[in-house]
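Every number for a ligand or one of its atoms is a count from 1 in the order of the listing. One is the number of the first residue; the rest follow in order along the sequence.
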Amino acid sequence: MLWIWVFPLSAGLVAFTSFVFPRRKGPLPPGPLRWPLIGNGLNLWYKHPWKVYARWAQEYRSDILSLQIPGATIIILNTEHAVQDLFVKRGLIYSDRPYTAFFEKLGISRIFVFQDYGERWKNNRKTFKQYLGTEMESVIRSNELSSSRRLLVSLLESNDHQMEFRQAVNDFFLSATYGVPPSQQGEHVALTQESAVLLKRLMIQGLVFDFLPFLTSLLAWFTTAGVTRGVGVVGDLVDKMMRAPFESAKADSIQGTHRVSVAGRFFRLDEESSNVSNDEEISIIDVLGTSYAAGTDTVVALINSFALAMVLYPDVQRKAYEILDFTLCGRLPELKDCGTIPYIDALIHEVVRWNPVAPLGVPHILSQDDVYEGYVLPKGSICIANTWNILHDEERYGPNVDEFIPERFLNADGTLDETRAKTDAAFGFGRRICPGENIAREFAWILFASVLSAYELVDARDKDGKLLDRSTIEYTTEIVSSAPHFKCRFSLRPGITEAMIREAVRPVD
Ligand code: HEM
């Protein structure tokens, strides 16, 4: 539960030792009772806070809420309307990020998700568009297809589909971005996982470090030493995680053995113009590393949520594979089919909406004082869009929003309802909106359609071996919220054989 606040609060905006609340220049939006000294400090530790904020919005009859803790104001925007007004229409002042010197030491300020709205961020965003935008579509698409087909093969033998999903997503990023073939991906995946685990642990330590410097000096003899040592290790690991696949692609490119990839385009430009500066190389390393880091956990969470929906709602699963069988006449899907089967498009919208991967998005920071609906929002406020609430709006998405019902996005004649089929809120807002949305949606399309064409997901059980029960399912309370761990059988669908699956990998490999 703590983890969801680690990123925004470790921004060093909160000087707990000073016990100071920001000076009020006018009324703040409503919120729960504030206690002396700690303000709303006790209101930060809820399970699924997005549901609590949705309830408060009803109780206080307000689209916008506030929490105050020593040194920081948190603004929660509960409706699409409020988010559009602030993050989009006033994007110039609502696009900074929580930032801390500790992030700099950890080396994660290189990941541009965490960078302030300034020149460095703008250049990185431009580079992302240049290298992962439409020009590279064919490399990205062919790897989306081949990773999905390889996943089908690995599911033949594995009894841990969640591990295979993660492997498939790593496979896609490492192949498409750096041209690393599946046989050489192991060390890069291990490095990424090691950095992620260490980062998570250290960011919590860093939060304490930032919050309670007086404690740090008391316990300096071991706390400081431990954190400092950890910072060094994680800083090196993040650097290695971002640099190693790039360097291996570079070496292959020099030897002429490089597979087509996004990094390959950079080497080609470098070769043609011979004037790529060191700074440009660092920037491309950071941008490619950022997409790998930002894309992996999110897409894995989306696929796990898809699998959970399929086992909890077997009628939806059956309908989806019957429609795929009917449309594709028994062949496996390809990317040219993407967008041509409305029920699958609706299913993807529903996976994105039902339990959003980032239920509170990524916090934006307000860079100057602002006034909205009569409330005064102070400079430096941590602004959160309650994406979960926006995607559970019954006026927009119809009744039973907690249930998984792809039909909510379809017209009576089975075509996609273009006015309702909008779930972009899941990918953030305004100038910081996720630049990987198209990649995520397309990869999800080919993955979900491939899995459903080949397998039926049956006999789902929780970690204790009990049959899954819809009423007890709980997603995690983290920035990236994940479905609970479960096991199920991937049973080959009638007419699909092991040989067909193995054969289907060859033409795309
Ligand atoms: C299901 C998949 C995904 C979800 C739900 C998702 C969601 C998000 C959200 C909510 C944000 C913050 C937006 C904001 O601040 O308003 C974000 C940022 C970002 N995402 Fe994604 N994302 C996904 C996949 C991807 C993929 C596949 C990539 C890369 C190929 C990617 C790259 C990024 C980057 C680089 C940012 C930082 C943008 C910035 O700060 O300017 N994401 N994403």
Side-chain angles (χ1 to χ4, degrees), residues 4 7-8 50 77 80 83-84 86-88 91 94-99 108-118 120-129 131-133 136-137 139-141 143-144 147 165 168-170 172-174 176-178 242 262 286-306 348-349 351-365 382-388 390-391 423-445 447-448 478-483:
I4 198 151
F7 166 47
W50 40 91
L77 307 172
E80 169 100 41
V83 181
Q84 288 292 333
L86 300 186
F87 284 8
V88 180
Y94 280 88
S95 297
D96 269 350
R97 288 287 198 219
Y99 178 80
I108 54 172
S109 57
R110 295 169 59 180
I111 298 178
F112 75 81
V113 182
F114 303 114
Q115 286 168 2
D116 263 347
Y117 181 67
R120 186 178 175 198
W121 170 82
K122 280 186 194 151
N123 285 336
N124 284 333
R125 211 63 212 191
K126 216 157 78 193
T127 308
F128 185 101
K129 198 163 165 217
Y131 284 93
L132 288 137
M136 292 312 289
E137 220 169 55
V139 177
I140 289 168
R141 293 187 121 207
N143 281 291
E144 285 166 350
S147 302
F165 287 166
V169 177
N170 272 302
F172 162 67
F173 277 104
L174 288 167
T177 316
Y178 304 105
M242 299 190 61
V262 175
D286 289 358
V287 168
L288 298 184
T290 295
S291 15
Y292 181 28
T296 313
D297 279 359
T298 45
V299 175
V300 169
L302 191 75
I303 307 173
N304 282 327
S305 205
F306 152 77
I348 291 181
H349 276 298
V351 178
V352 167
R353 185 204 69 79
W354 180 52
N355 279 296
V357 162
L360 294 178
V362 178
H364 292 212
I365 295 288
I382 300 168
C383 302
I384 310 271
N386 190 348
T387 304
W388 181 88
I390 292 168
L391 293 169
T423 47
D424 292 355
F427 293 88
F429 300 91
R431 299 175 190 211
R432 302 305 294 241
I433 196 168
C434 174
E437 176 175 355
N438 289 343
I439 295 178
R441 283 188 190 272
E442 200 174 68
F443 189 27
W445 191 95
L447 242 149
F448 297 177
E478 292 176 286
I479 287 188
V480 172
S481 174
S482 304

Flag, side chain of Asn386 to backbone of Trp50, donor-acceptor distance under 3.5 Å: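 Yes, because the side chain of Asn386 sits within donor-acceptor range (under 3.5 Å) of the backbone of Trp50.
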Closest non-hydrogen atom pair between [X] and [Y], with its separation:
{"X": "Val113", "Y": "Ala294", "result": "CG2-CB, 4.1 Å"}
{"X": "Arg431", "Y": "Gly91", "result": "NE-C, 3.6 Å"}
{"X": "Val352", "Y": "Arg441", "result": "CG2-NH1, 4.1 Å"}
{"X": "Trp445", "Y": "Ile348", "result": "CA-CD1, 3.2 Å"}
{"X": "Phe429", "Y": "Ala385", "result": "CE1-CB, 3.8 Å"}

Polar contact flag for Phe429 and ligand 1 (N/O pairs, less than 3.5 Å): yes
Between CZ on residue Phe306 and CG on residue Asn304, distance to nearest 0.5 Å: 10.5 Å
Within reach of ligand 1, part of [X] (heavy-atom separation under 4.0 Å):
{"X": "Phe172", "answer": "neither"}
{"X": "Thr290", "answer": "side chain"}
{"X": "Arg97", "answer": "side chain"}

With heavy-atom distances below 4.0 Å as the criterion, list the atoms of ligand 1 near [X].
{"X": "Gly428", "answer": "10 (C), 13 (C), 14 (C), 16 (O)"}
{"X": "Ala426", "answer": "5 (C), 7 (C), 10 (C)"}
{"X": "Ser291", "answer": "29 (C), 30 (C)"}
{"X": "Gly295", "answer": "25 (C), 26 (C), 27 (C), 28 (C)"}
{"X": "Phe173", "answer": "27 (C), 30 (C)"}
{"X": "His364", "answer": "14 (C), 15 (O), 16 (O)"}

Ring geometry between Phe128 and Phe112 (parallel below 30°, tilted from 30 to 60°, perpendicular above 60°):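 Phe112 and Phe128: perpendicular rings.
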Parallel, tilted or perpendicular: ring planes of Phe173 versus Tyr292, cut at 30 and 60 degrees: tilted
Among all protein heavy atoms in this structure, tell me which lies nearest to [atom], with the distance rounded to 0.1 Å.
{"atom": "atom 12 (C) of ligand 1", "answer": "Val362 CG2, 3.5 Å"}
{"atom": "atom 13 (C) of ligand 1", "answer": "Arg432 O, 3.1 Å"}
{"atom": "atom 36 (C) of ligand 1", "answer": "Pro435 CD, 3.5 Å"}
{"atom": "atom 21 (Fe) of ligand 1", "answer": "Cys434 SG, 2.3 Å"}
{"atom": "atom 37 (C) of ligand 1", "answer": "Val113 CG2, 3.6 Å"}
{"atom": "atom 23 (C) of ligand 1", "answer": "Thr298 OG1, 3.5 Å"}

Options Glu442, Arg431, Arg125, ranked by nearest heavy atom to atom 38 (C) of ligand 1, top entry: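 That would be Arg125.
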Pick from Trp121, Phe87, Phe427: the one approaching atom 41 (O) of ligand 1 most closely through a non-hydrogen atom: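 Considering heavy atoms of Trp121, Phe87, Phe427, the nearest to atom 41 (O) of ligand 1 sits in Trp121.
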Arg432 and its side-chain contact (heavy atoms from CB on, under 4.5 Å) partner, picked from Trp121, Phe87, Tyr94: Trp121
Pair Arg97-Ser109, side-chain donor/acceptor within less than 3.5 Å: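 No - no donor-acceptor pair under 3.5 Å links their side chains.
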